Amino acid sequence: MRPRIIAVTGPTAVGKTEYTIKLARAVNAEIVSCDSMQLYKYLDIGSAKPTAEERAQVRHYLVDEIDPAGDFSVAKYKRLAENAIDEILEKGKIPLVTGGTGLYLDALLYDMDFGPQPADTTKSRRAELIRFAETEGNEALHALLEKEDPDAAARIHPNNVVRVARALEAAERGEKIAPFRDSRKKSGKYDVLLIGLTRDRQELYDRINMRVGMMLEAGLVDEVRDLRDKGLTREDIAMKGIGYKEIFDYLDGICTLDEAADNIRKNTRHFAKRQMTWFRKYDDIKWFCLTGRNEDEITEELIEWVRRKL
RNA sequence: GGAGGAGUGCCCGAGUGGCUAAAGGGGGCGGACUGUAAAUCCGUUGGCUUCGCCUACAAUGGUUCGAAUCCAUUCUCCUCCA
C-alpha cells in the first residue's frame, strides 16, 4: 500500500504558509517544502520564507537546505523530498508537502523518471548550444534537434532555446526527453491528498502588490546586497528568482528602486498566473477559495475535510 | 491677453488621403512545460448573428469616390511671451 501524504499548493501569496502550519498542527504532520526558492539559504525575504516563529511551530524540511551558489535541479529535489518524506513517515507522522513549484510537485506526484545523473559536461555543452542559437539563429538550433530527436523537436517551439538546447544535449548522449503528459497519467509512489488554495484574481494581485512593499520595508535590498557581497551574481540560479533579479538591476544602476519594485510586482503577478495554469491540469485537486471567507471558518473546513479523508 | 505645440484602442506610443480595426511596447487574459521551473516559451486583446457587418483615432460640421490623416469651429492640456 502506498503511503499517504498531503500536498497543499496554490499561487504565490495566496496564504499557503499560514494555513499549512495550522493544518499540520491539527493532523500531526510535518512540512516538506515544495518551493524552488525557499530551498536556498540566505534567500529569506525575497522568497517569502516562513519565519523562525512559524518554523518553530512545525518542523519544516527543505527550507534553508542548499547553498545558493550551487546548481540545482528537479531531480535533486525529488531525491531530497523523498528522503524527507520517508523520514517523517518513519516517525509515524504525516508528510505535508507544500509549495507552489509545479514541476517539483509533479516530480513527487507522478512517476517522473529523470534517468542517470547528467555528466559534468552538461552545463558547458548546453551553454555552447545556446551560444550557437545566438549566432546562427533559433531555427538553426532547432534544425539540429530535428535531426537528433524529431519527436522532441515537434513539441518544442524553436524560440524556446533553453529547452531546445536541453533536449539536444540529452539526445546527443542517446537519451530522449519523455513527454510530460505520459508521466502524468501514472500515479507516483505516494497516495496523495491534493489540496489547492486559491483566491479571486484581483484579491491575489492586491496581496502580491502589498507583499512586495512589505519585502522592501523588511530589507530586501540589503538582503540582495549581502548575497552579492557573498560573491553571487545574476548568473546564479538562485539570483534569477523574482525579487532578486530585479534588485540586481537596481543595484547595477539599470533602473530606479521604484521601477525595480514595479517589476517585482509585475513578475510576481505573471508568475501567479502561470502557476494557476499549471494547477488547473490537476483533475484530482480539492480547491478551497479563500476570498471572502472568515479565516477561522475556512481553517476549520480545511482541517475537517482532511480528517475525513485520512 | 498674445505666440506656438498637442489630443490615437485599458496605458504608452507610431501613423500625415486609400494597402488601417490602426505598427511597436506595456498591462490584461489564455496556453505549453521531464534535470535553471520564481526559469523558458507560445497565443490573444473594440463589438457582433465573425469568410460579413457595426462602432472607433477629443467633439461637431465640412472637403473628397475615399479621412486618424486636409479645412472650420468648439472643448481640454502643455510650453513660451505679457
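Within every chain, numbering begins at 1; the chains are lettered A, B, ... in the order of the sequence lines, protein sequences first and strands thereafter. Values in this document were obtained by computation on a predicted structure and should not be read as measured data.
- Rounded to whole angstrom, the span from the NZ atom of A:Lys49 across to the P atom of B:A38 amounts to 15 Å.
- As rounded to whole Å, 15 Å separates atom C1' of B:U40 from atom CD of A:Gln275.
- Nucleic acid contact class of A:Arg201 (heavy atoms, under 4.0 Å, all strands): sugar-phosphate only.
- Under the 4.0 Å criterion applied to side-chain N and carboxylate O atoms, A:Arg55 and A:Asp64 are assigned as salt-bridge partners.
- Contacts between residues 203-223 of chain A and RNA chain B, defined by a heavy-atom separation under 4.0 Å, are made by A:Tyr205.
- When rounded to the nearest whole Å, the span between CZ of A:Arg269 and P of B:G26 equals 14 Å.
- A donor N or O paired with an acceptor N or O is found under 3.5 Å between the base of B:A38 and the side-chain atoms of A:Asp35.
- A donor-acceptor pair under 3.5 Å is formed between the side chain of A:Asn294 and the backbone N or O of A:Asp296.
- Within 4.0 Å of A:Tyr244, counting heavy atoms only, lies no atom of the nucleic acid at all.
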### Query
Should A:Asp106 and A:Lys281 be marked as a side-chain contact (heavy atoms from CB on, under 4.5 Å) after you check the CA-CA gap, both sets of side-chain angles, and the distance that decides it?
CA-CA 11 Å; A:Asp106 278 11; A:Lys281 78 188 176 195; 3.1 Å; yes

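- Here B:C51 is in the syn range [glycosidic angle within 90° of 0].
- Donor-acceptor pairing under 3.5 Å, judged by distance alone, is absent between the side chain of A:Lys273 and the base of B:G28.
- Residue A:Arg265 is classed as having no contact, given no heavy-atom separation below 4.0 Å to the nucleic acid.
- Put simply, A:Leu220 and A:Leu251 are part of the same group of oily side chains (I, L, V, M, F, W, Y) that touch within less than 4.5 Å, one to the next.
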### Residue pair A:Asp206, A:Gln202: steps toward the side-chain hydrogen bond (donor to acceptor under 3.5 Å, both in side chains) verdict
CA-CA 6 Å; A:Asp206 289 345; A:Gln202 191 52 55; 3.1 Å; yes

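- With respect to A:Glu30 and A:Lys91, a salt bridge is recorded, a charged nitrogen being found less than 4.0 Å from a carboxylate O.
- When the P atom of B:A37 is taken as reference, atom CE of A:Met37 falls 6 Å away, rounded to whole Å.
- As judged by a 4.0 angstrom heavy-atom cut-off over every strand, A:Gly46 is placed among the base-contacting residues.
- Helical stems in RNA chain B, defined as runs of 3 or more consecutive Watson-Crick or G-U wobble pairs with both donor-acceptor distances under 3.5 Å, are listed by first residue as B:1-7 with B:75-81, B:10-12 with B:24-26, B:27-32 with B:40-45, B:46-48 with B:52-54, B:58-62 with B:70-74.
- A:Arg4 and A:Asp191 are joined by a salt bridge, as a carboxylate oxygen and a charged side-chain nitrogen come within less than 4.0 angstrom of each other.
- The CD-C1' distance, from A:Gln38 to B:A38, rounds to 11 Å in whole Å.
- Following rounding to the nearest Å, A:Ile130 (CD1) and B:A39 (P) show an atom-to-atom distance of 15 Å.
- No side-chain donor-acceptor contact under 3.5 Å links A:Thr268 and A:Arg211.
- Across all strands shown, A:Thr101 has heavy atoms under 4.0 Å from sugar-phosphate atoms exclusively, and none from any base.
- In summary, of the residues considered (A:Arg166, A:Arg125, A:Arg126), a salt bridge (Lys or Arg N to Asp or Glu O under 4.0 Å) with A:Glu172 occurs for A:Arg125 alone.
- Per the geometry, CZ belonging to A:Phe271 stands 16 Å off P belonging to B:G30, to the nearest Å.
- Judged purely by atom type and a 3.5 angstrom limit, A:Thr20 has no side-chain atom pairing as donor or acceptor with the backbone of A:Thr98.
- A straight line from CZ of A:Arg274 to C1' of B:U36 spans 13 Å, rounded to a whole angstrom.
- The base of B:A39 sits within donor-acceptor range of the side chain of A:Arg163, with an N or O pair under 3.5 Å.
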